[in-house]
Amino acid sequence: MTTHARTKRTALAALLLCGAAATPVRAGELAKGDTSDKTIAFSNSYAGNSFRQVMIKSFEETAAQAVKDKIVKGTTVVSANNSVTEQASQIQNLILQGYSAIAVLAGSDTALNGVVKDACDAGIVVVAFASGVTEPCAYRVDYDLDSYGKAELDYLAGRLGTKDATLLEIRGQAGDGFDKRLHEGVLKALKDHPAYKIANEVYGNWTATVAQKEVSGVLPSLPKIDGVLTQGGDGYGAAMAFKSANRPLPVIVMGNRQDELALWKQEHAANGYETFSLGATPSVSQVAFWVAQQILAGKKVPKFVEVPLLRIDQADLDAWLAHVPDGGVVNATYGQQLVADIIDANIDHKPLPGVPAPK
């Protein structure tokens, strides 16, 4: 599929998330194969921020209900401490324990390929999600990160115009596949905005405290910053760094965390500050769970299943903020039927179904 086609489809999904009308997607067909004797594990590379913690909780809630409903026999979650060696060892243990499927949020694009291949060779379904595992035997559930980078740069262009602008990029974790691919998406999008220059980049680990420390460390050496590109979880920390340095707030792309949205609302009320928020949803882990279950049940599933990003604009800010807990992350629920719809939309090259904005 072309990047253009994926971008168009994701953009339509974003409209759905904001409550706009789009072409309806036919109801996805659920595979009826019996999976009541099957087990699904979740191997997570890192659990050190609010996004990952909500991601784990989302998986656990869906998995527990599936066990209660006798859709699957059992599930488990194991998290590594940001160590691919530890994660590889944990996956080996899951293989030895005989899990039917393993959902993997990998800490590296390539370092887990060997153990992923071992799992496939053992007859285990591997679904890598929100990460760039390159072993071809794995299914992938992920976002179109080129469209993520494009949305950030296009929004800044709408705010800053075509004049020269200086940007700061806050990346995720060094070596992480999601970070690498989103950064590549930013660089591609930047080619359409030749007047924009990235003055520096730092790694914020998708965590406000880390982002604040890293941004504070480079600000003294930077010129006036017009915009800040982010990956989620780092907007609040970036804003605190600028405030602590007594520098004006640039246009900071937020990442759907409660602290970011609350700060945005506060600044808008005080001085008309505007931005937008874009990000993955922690419940992408639920998509990975149901994709694995449907494969086990015999459903035809493409090797790559795209899921939509969730975008919040100024008009939607209050509605979303009212539905996210303090310290939490904007999230959505992906049930079995919705995931079947997403799978079939990918097969048919149709607009992705979205979750409506709260009312």
Side-chain angles (χ1 to χ4, degrees), residues 38-60 62-63 72-143 145 171-184 203-207 210 231-233 280 282 284-293 295-296 301 303-305 307:
K38 305 300 184 183
T39 52
I40 302 176
F42 172 17
S43 167
N44 175 42
S45 64
Y46 173 72
N49 61 35
S50 60
F51 187 95
R52 291 294 183 98
Q53 290 155 13
V54 175
M55 178 182 284
I56 292 169
K57 183 179 179 182
S58 295
F59 183 94
E60 290 175 335
T62 290
V72 297
K73 181 180 180 180
T75 67
T76 193
V77 176
V78 291
S79 293
N81 187 28
N82 199 27
S83 164
V84 291
T85 302
E86 181 179 355
Q87 188 174 18
S89 176
Q90 290 173 341
I91 294 173
Q92 284 288 3
N93 287 336
L94 295 172
I95 295 171
L96 293 174
Q97 292 169 38
Y99 276 86
S100 310
I102 304 173
V104 179
L105 204 171
S108 166
D109 281 4
T110 57
L112 296 178
N113 280 353
V115 72
V116 167
K117 183 66 163 58
D118 289 345
C120 293
D121 289 346
I124 297 170
V125 171
V126 178
V127 178
F129 71 97
S131 52
V133 168
T134 53
E135 168 51 52
C137 74
Y139 292 84
R140 288 181 54 221
V141 170
D142 210 345
Y143 304 94
L145 296 184
R171 298 181 59 175
Q173 283 182 338
D176 181 87
F178 183 94
D179 164 76
K180 178 182 176 183
R181 288 177 293 115
L182 180 45
H183 175 65
E184 290 171 350
Y203 288 92
N205 287 11
W206 308 294
T207 306
V210 177
Q231 293 192 3
V284 66
S285 60
Q286 296 174 338
V287 181
F289 177 89
W290 289 120
V291 166
Q293 185 272 330
I295 294 169
L296 293 171
V301 175
K303 279 293 188 175
F304 179 78
V305 177
V307 289

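In this chain, residues are counted from 1 in sequence order.
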By side chain to side chain contact (heavy atoms under 4.5 Å, CB included), A106 pairs with (sequence neighbours left out) V104, L112, S131, V133
Nearest heavy-atom contact between A88 and V115 is O-CG2, 3.6 Å
*Criterion side chain to side chain contact (heavy atoms under 4.5 Å, CB included) on V284 and Y143, from CA distance to verdict*: CA-CA 9 Å; V284 66; Y143 304 94; 3.3 Å; yes
Subject >> Chi angles and distances behind the side chain to side chain contact (heavy atoms under 4.5 Å, CB included) call for I40, S100 >> reply: CA-CA 6 Å; I40 302 176; S100 310; 5.7 Å; no
Check your understanding: Is the number of heavy atoms from other residues, nucleotides or ligands within 6.0 Å of CG (N81) greater than 12?
Key -> no
Residues at least two apart in sequence or cross-chain that pass side chain to side chain contact (heavy atoms under 4.5 Å, CB included) with V301, listed by chain then number, are Y139, V291, I295, K299, V305, I343
Problem set entry | Check: G114 main-chain N/O paired with E135 side-chain donor or acceptor under 3.5 Å | no
Smallest heavy-atom separation, V126 atom then A119 atom, equals CG2-CB, 3.7 Å
Q) How far apart are the C-alpha atoms of N44 and V78, what are their side-chain angles, what is the distance that settles it, and do they pass the side chain to side chain contact (heavy atoms under 4.5 Å, CB included) test? A) CA-CA 6 Å; N44 175 42; V78 291; over 6 Å; no
Residues passing the side-chain hydrogen bond (donor to acceptor under 3.5 Å, both in side chains) test with S83, sequence neighbours excluded, are none
Applying side chain to side chain contact (heavy atoms under 4.5 Å, CB included) to S45 and not counting sequence neighbours gives R52, Q87, L105
With sequence neighbours left out, the residues meeting salt bridge (Lys or Arg N to Asp or Glu O under 4.0 Å) with R181 are D142
- Message: Tell me whether S79 contacts the main-chain N or O of Y46 through its side chain, where contact means a donor paired with an acceptor under 3.5 Å.
- Response: no
In short, G98 meets T39 closest at the heavy-atom pair O-OG1, 4.0 Å
Contacts of Q293 meeting side-chain hydrogen bond (donor to acceptor under 3.5 Å, both in side chains) (sequence neighbours excluded), chain-then-number -> T35, Q336
Hits for side-chain hydrogen bond (donor to acceptor under 3.5 Å, both in side chains) against T75, two or more places apart or cross-chain, chain-then-number order -> none
In short, V210 meets G204 closest at the heavy-atom pair CB-O, 3.3 Å
Rounded to the nearest 0.5 Å, the OG atom of S58 sits from the CD atom of Q286 at a distance of 5.0 Å
Hits for salt bridge (Lys or Arg N to Asp or Glu O under 4.0 Å) against K117, two or more places apart or cross-chain, chain-then-number order -> D121
Donor-acceptor pair, Q97 side chain versus Y99 backbone, under 3.5 Å? no
By ring pair (Phe, Tyr, Trp, His ring centres under 6.0 Å), F42 pairs with (sequence neighbours left out) F59, F129
Heavy-atom nearest pair, A138 first then V116, reads CB-CG1, 4.0 Å
Q.
Quick check: do N82 and N205 have side-chain heavy atoms less than 4.5 Å from each other?
A. no
Note: T207 and G48 closest approach over all heavy atoms is OG1-O, 4.4 Å
Applied to residues 77-110, the disulfide (SG to SG under 2.5 Å) test, sequence neighbours excluded, yields none
Taken to the nearest 0.5 Å, the spacing of R140 CZ from T134 OG1 works out to 9.0 Å
Next on the checklist: When you measure from the side chain of S285 to the backbone of M55, do you find a donor-acceptor pair of N or O atoms at a distance under 3.5 Å?
Outcome noted: yes
Does V127 form a side chain to side chain contact (heavy atoms under 4.5 Å, CB included) with I102? I'd like the steps, not just the answer.
CA-CA 6 Å; V127 178; I102 304 173; over 6 Å; no
Residue set satisfying side chain to side chain contact (heavy atoms under 4.5 Å, CB included) with D179, at least two apart, ordered chain then number -> R171, D176, Y203, W206, Q231
So the salt bridge (charged side-chain N to carboxylate O under 4.0 Å, His left out) pairs with at least one residue in residues 75-93 (sequence neighbours excluded) are none
Query raised in the report: Should V72 and F289 count as side-chain neighbours, where that means a heavy-atom distance under 4.5 Å?
Result: yes
